[in-house]
Number of protein chains: 2
Amino acid sequence: MSSPRQPDQSPGPGAPGPRGAAFLLAQIGAHAAALFAERVAELGLTPADVGLLRMIAGRPGRSQRALATDLGVVPSRVVALIDNLETKGLVERRRSTEDRRNHELHLSPEGRHTLTRVSRSAATHEDTLLAALDPAQRAQLTQLLELIAAQQELTPGVHPGYRQSPKRS
Amino acid sequence: MSSPRQPDQSPGPGAPGPRGAAFLLAQIGAHAAALFAERVAELGLTPADVGLLRMIAGRPGRSQRALATDLGVVPSRVVALIDNLETKGLVERRRSTEDRRNHELHLSPEGRHTLTRVSRSAATHEDTLLAALDPAQRAQLTQLLELIAAQQELTPGVHPGYRQSPKRS
DNA sequence: TATTGTTATACTCTATAACTATA
DNA sequence: TATAGTTATAGAGTATAACAATA
């Protein structure tokens, strides 16, 4: 960082602001999420949709309840999300023969195809976001982020944007 | 990461998932934002409140319109946010003598005091979040993040969480 | 007529709770 | 009685639009 503070005559909007890595992580993270949302919107999907498709692809046949638990959301929300994906023909609900209360979730062929398109979008997205860094720096960054993620016990592949919001007094 | 993939019998929720730096940035960023929100909630504030307090502290006397423009939100939202902060006695609205349509925004003494407490919270927050990294690694991370932020033209100190949401077809 | 701030309204998102069908 | 999924309802958050005061 070149100048640690610029009291009054600052060029920007004038936040005296936080300069730490924690703020940068939150700021860039939100920016990255917004960019990604724009990209997948071109495929008619929300980031939540993408997360669900990936979860189902990773473990076909799992129940909605299991999904809700893993994502940390309430079951009724999963219903709405899956409804949407089923309407688009990307996901199929199949009554379990073992326990007829369960719905086994599977990707349709079109769902799988969509997921590969998402992967291409994600690759382009990554390249755009990290344009400032050369390959060595990208590897370095990834390594540091993985250290943080592990220590903070973040579940690999699960974006915390699903979590149910805490009570506010 | 020890094992790059674990097809079916995985221990986690089983997302085949994204392993790139872009996803890690979004994931950790959201986590960081959530942790910070918890901390400032103890002071009776939301992250948006904190951002506003910082902006006002950085340029006392600015108008609500200016704030709305810089944050990228609609003026009516600034009204609600400032209402809240004024009720808590942290911010004062003063009719401008030059242009009586304007409200000049200032921090109250208590507002300034609250902001110093926020700074202490932020420092603790940063330390908790980056517990996995030693000082050299933290500096390295900060440097990489600043490169990204500059290239992506992110306004220093302004969290994108304010932006108005895009239309959804 | 244009602009600042405000109020009123509508819309979206998401959690809570009641309900059904299976077990 | 307990559980998976669904539906109905309500609450929070936020944008849009109409409005009052000032320029």
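In the text below, chain A, chain B and the rest are named by the order of the sequence lines, each starting its count at 1. Nothing here was measured: the structure is a model prediction, and the numbers come from that model.
Annotation: side chain to side chain donor-acceptor pair (under 3.5 Å) contacts of B/Glu110 (sequence neighbours excluded): none.
Computed from coordinates, the A/Glu98 CD to C/dA21 P distance equals 23 Å when rounded to whole Å. Distance A/Leu67 CG to D/dT6 P: 12 Å, rounded to the nearest Å. Rounded to an integer number of Å, the gap from B/Arg77 CZ to D/dA12 P is 16 Å. Per the geometry, CD1 belonging to A/Ile82 stands 10 Å off P belonging to D/dG5, to the nearest Å. Here the P atom of nucleotide D/dA4 and the CG atom of A/Asp70 are 13 Å apart, to the nearest Å. Here the P atom of nucleotide D/dT7 and the CG atom of A/Leu81 are 14 Å apart, to the nearest Å.
Residue A/Leu105 holds its CG atom at 10.5 Å from CD of A/Glu92, rounded to the nearest 0.5 Å.
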B/Leu130 vs B/Leu141, side-chain contact (heavy atoms from CB on, under 4.5 Å): CA-CA, chis, key distance, verdict: CA-CA 10 Å; B/Leu130 304 183; B/Leu141 174 65; 4.2 Å; yes

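Applying the side-chain hydrogen bond (donor to acceptor under 3.5 Å, both in side chains) test to every pair with at least one member in residues 111-131 of chain B, sequence neighbours left out, gives these pairs: B/Arg39-B/Thr128, B/Asp127-B/Arg138.
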Footprint string (nucleotides 1-7 of chain C, 5' to 3'): B base within contact, S backbone only, - free, heavy atoms under 4.0 Å: -BBSSBB

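When only modelled atom types and interatomic distance are considered, A/Thr87 and A/Asn84 share no side-chain donor-acceptor pair under 3.5 Å.
Counting only distance, with no hydrogens or angles, the side chain of A/Gln27 and the backbone of B/Val158 share a donor-acceptor pair below 3.5 Å.
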